[in-house]
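Worksheet for the structure shown next.
Here is how names work: the chains are called A, B, and so on, in the same order as the sequence lines, proteins then strands, and each is numbered from 1.
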Amino acid sequence: MLEAKHFYYDATFEGLLTAVFKVFEYKLSTVILSKSTAAQEHLFLEAETVITDLEQSSRVWDGLCKKLSKNGTQMLYHVFLSEIEYSDQLILEFCIAIFQGKAIEFDVAHPITSQLLKIKKKVSRERHRMTAFVRFRLTKDHIYFASIEPDFNVLPLISSHFKKRYADQEWLIYDVKRHYGISYNLKEVSVVDFEFHNQLDVFKTSTDFFALEEIEFQTLWQSYFKSVTIASRKNLKLHTQHVPKRYWKYLSEKQQ
Amino acid sequence: MTFKRTLEKLEILADAAKYDVSCSSSGSNRQNKSKGLGDASSSGICHSYTEDGRCVSLLKILLTNYCIFDCAYCVTRKSNDVQRAAFKVEEVVDLTMNFYRRNYIEGLFLSSGIFKSADYTMERLVAVAKKLRLEHNFNGYIHLKSIPGASDELMREAGLYADRLSVNIEIPTENGLKLLAPDKNRADFIKPMQKVKDEIIQYKSEKKQIKSTPIYAPAGQSTQMIIGASGENDFQIMQTSNYFYKNFNLKRVYYSGYVPISYDSRLPQIGSQVPMLRENRLYQTDWLMRFYGFDVNEILNPLHQNLDLDIDPKLGWALRNLHEFPIDVNKASKRMLARIPGVGMQSVHKIIQARQYRLLNWEHLKKIGIAYNRAKYFIVCNSNQFEKRDLTADKIKGLILQNSKSKYTNMLSNQLSLF
Ligand code: SF4
């Protein structure tokens, strides 16, 4: 076995899986992973850049699908989308252990597995929140538009949920933080990359872009939201625990 | 302007519906059909929370708050001086579709005051659901109230379009009902409930033979009881609850702490506290019955007729049954693990999974997420640290309350959380 090696990869899931492939191809024992951004390039001179190879990555993925339960592979993808520092390193080490035949997937007290599960839980919660907190607003050209700013990169995880549900309307969900969206054209969902003009506040429902009835339905919804609260049971602490303040800006019921 | 009028009606009819605590939108298997709107099979999402911390998942409104009855505990009662309004069928359909399209809701929960007669009212509720399903291809969740006394034919039709049906028994005992709702009798509640139960059974058996049998109320039936309006003790409440679960295959029984809304001398007066903590304890008991393998009599019985407010019912049970403990988490059956105070069902599953790989110690158990402060008195694990003193139930209770003081004092001052 060779000594520890440093890998750069392109920060894609396929790139990460390619890195797993390389570990076995070169019979490495320890590998340190970094995302290849220019700033880091000079830090580790002996580092190698992994060039993403779709064939190798899909071989790794197929292997994982055979060795792990559906929850297990799902966990890895969720953790990847967390974008949390070192999460890619954890995935890599988990995969190495799995391919070495260590059955750690269900060993919830194992140090790697337990960390992965913890991150997975956070990402799942965020995914779930987005299925709940997305608020579509009808634009003048009849597209139901929503802007969100999730803690993790969960758009890929909510796409099929929205496709199933909103099959008869055109919609677009835009991640303001990551500058891309998913859009549905009554047939399929596709990823769209674009940026809004700097001056535009995408969370505002301006009548320049949105349909007149949109404002009416928001008013109706806000009034509904007010009417259902039981004053003698008011509990704002519990309320913000369920709906943390950072999400309020995209909730129609929270706009004035 | 119709928007203004709709807005007014919505305020009145949402306000009147808010005392029904059911918000569940899960348990249906209705999928999106021919590219219509909605999918109830993945429901159960709370899209928002009210400022009192309750889930907002459905558009919950009354079709009308005109009512010919005079139930003392209800804001909609005939003798109450409130603004009245009535939605048209189209208005409810329009609101539901448009709220759903914006991802505000999982669907509609439609109830109503009784105007003219039970059937006349039920017919209109069914008309809304039917229009949503047949004309708008709406596949979101629909919960309809079954109006006490409604005919079998209407209940049959209702189940073809609704995912869930519910009749609120409201008052846990027949005597209480006689006192507070003299126009009503239990037989009227039971009639539609019985019909829906029979239809569900029939649907399930026909479905096995004929695949195309139209689905019938896939999310089943539920009911609600008001807590603290008519003097029942917890034993009576849970007996009633158990009776309805067993005899009508109910999916859920909801417990709603009575919110004082009138100066009627038969009821707690305006300004008296909503019994929220008691309500929470009843829910916990309900969960112990449904998910933790407890028989209702283990928790409430003639000798023990009320739940403790300062500790949860599982802890209460454990303290009365110290001879069952300590439990060895590395060996105990699933049933016994579920009985340890401070160990939820999720932790039970994790323990069973994790102990296949190694003997678990306190560190592992804490990682798994058990409530260590409560559980430690009832467990032994792979560690020589365990409670060696022979403590009495009172002593243990004292220690637990002492160490989790903030949480329990909060709970007693009206905070809510399940387990
Ligand atoms: S029949 Fe229903 S709506 Fe009418 S007063 Fe009684 S509980 Fe209220």
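Of all heavy-atom pairs between B/L37 and A/Q169, the closest is CD1-OE1, 3.9 Å. For the pair A/A132 and B/C46, the tightest heavy-atom approach, listed with the atom from each and the gap, is CB-O, 3.3 Å. Pairing each heavy atom of B/R358 with each of A/A109, the nearest pair is NH1-CB, 3.6 Å. Between A/K164 and B/D39, the shortest heavy-atom contact is CD-OD2, 3.5 Å. Of all heavy-atom pairs between A/S223 and B/E11, the closest is OG-CG, 3.5 Å. A/R165 approaches B/N32 most closely through the heavy-atom pair O-ND2, 3.8 Å.
Neither the backbone nor the side chain of A/Q241 comes within contact range of chain B, judged by heavy atoms closer than 4.5 Å. Interface residue A/F106: backbone and side-chain heavy atoms are both found under 4.5 Å from chain B. Only the side chain of B/F99 comes within less than 4.5 Å of a heavy atom of chain A; its backbone N, CA, C and O stay farther away. For B/K367, the part sitting under 4.5 Å from any heavy atom of chain A is the side chain, from C-beta outward, and nothing else. A/T131 touches chain B through backbone and side chain together, each having a heavy atom under 4.5 Å away. For B/I61, the part sitting under 4.5 Å from any heavy atom of chain A is the side chain, from C-beta outward, and nothing else. The contact between A/T219 and chain B is made by backbone and side chain atoms together, counting heavy-atom distances below 4.5 Å. Of the atoms belonging to A/F162, it is side-chain heavy atoms, and not backbone ones, that fall under 4.5 Å from chain B. Contacts of A/I104 with chain B are absent, with no heavy-atom separation under 4.5 Å from either backbone or side chain.
For A/K121, the NZ atom sits in a loose shell: 12 or fewer heavy atoms of surrounding residues, nucleotides or ligands are nearer than 6.0 Å. Within a 6.0 Å radius of NZ in A/K187, no more than 12 heavy atoms belonging to other residues, nucleotides or ligands are found. Enclosure of atom CD in B/Q346 is not indicated, since only 12 or fewer non-hydrogen atoms of other residues, nucleotides or ligands lie within 6.0 angstrom. B/Y372 OH: more than 12 foreign heavy atoms inside a 6.0 Å radius. More than 12 heavy atoms of other shown residues, nucleotides or ligands fall within 6.0 angstrom of atom CZ in A/F194. Other residues, nucleotides and ligands contribute over 12 non-hydrogen atoms within 6.0 Å of the NZ atom of B/K366.
When B/L7, B/L95, B/D15 are compared by the number of non-hydrogen pairs under 4.5 Å with chain A, B/L7 comes out ahead. If you tally non-hydrogen atom pairs under 4.5 Å between each of B/Q31, B/E106, B/Q356 and chain A, the highest count goes to B/E106. Of the listed residues (A/L236, A/V228, A/L220), the one with the most heavy-atom contacts under 4.5 Å to chain B is A/L220.
Under a 3.5 Å cut-off, the side chain of B/R102 and the backbone N or O of A/Q218 do not form any donor-acceptor pair. Side chain of A/E216 to backbone of B/F3: no donor-acceptor contact under 3.5 angstrom is found. Looking only at distances, a side-chain donor or acceptor of B/N103 sits under 3.5 Å from a matching main-chain atom of A/V134. Side-chain atoms of A/H242 do not come within 3.5 Å of backbone N or O of B/S48 as any donor-acceptor pair.
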Apply the test side-chain contact (heavy atoms from CB on, under 4.5 Å) to residues B/T50 and A/H239: give CA-CA distance (whole Å), side-chain angles for both, the deciding distance (0.1 Å), then the verdict. CA-CA 7 Å; B/T50 61; A/H239 173 70; 5.9 Å; no
B/Y357 and A/V108: CA distance, side-chain angles, deciding distance, side-chain contact (heavy atoms from CB on, under 4.5 Å) verdict: CA-CA 9 Å; B/Y357 297 90; A/V108 290; over 6 Å; no
Under the side-chain contact (heavy atoms from CB on, under 4.5 Å) rule, what do A/L251 and B/H47 come out as? Steps first, then yes or no, please. CA-CA 9 Å; A/L251 297 179; B/H47 286 273; over 6 Å; no
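Counting only heavy atoms from C-beta outward, the side chains of B/N137 and A/D168 never approach each other to under 4.5 Å. Within the 4.5 Å cutoff, the side chain of A/L238 has no heavy atoms near those of the B/Y49 side chain. At least one side-chain heavy atom of A/H161 sits under 4.5 Å from a side-chain heavy atom of B/I45. At least one side-chain heavy atom of A/Y224 sits under 4.5 Å from a side-chain heavy atom of B/V56. Side chains of A/W221 and B/I105 form a contact here, defined as non-hydrogen atoms less than 4.5 Å apart.
With ring centers used as reference points, A/Y166 lies under 6.0 Å from B/Y100.
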Got a list of side-chain donor-acceptor pairs under 3.5 Å for residues 139-149 of chain A, not counting sequence neighbours?
from   : atom 1 : to     : atom 2 : distance (Å)
A/T139 : OG1    : A/D141 : N      : 3.4
A/T139 : OG1    : A/D141 : OD1    : 2.7
A/T139 : OG1    : A/I143 : N      : 3.1
A/T139 : OG1    : A/I143 : O      : 3.1
A/K140 : NZ     : A/T207 : O      : 2.4
A/S147 : OG     : A/R137 : NH2    : 3.1
A/S147 : OG     : A/V202 : O      : 3.3
A/E149 : OE1    : A/K249 : NZ     : 2.8

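Taking CG from A/D107 and CZ from B/R355, the interatomic distance works out to 14.5 Å, rounded to the nearest 0.5 Å. Distance check, rounded to the nearest 0.5 Å: CD of B/Q353 to CD of A/E105 gives 8.5 Å. B/R101 CZ to A/L138 CG: the interatomic distance, rounded to the nearest 0.5 Å, is 9.5 Å.
With sequence neighbours excluded, no residue forms a disulfide (SG to SG under 2.5 Å) with B/C74.
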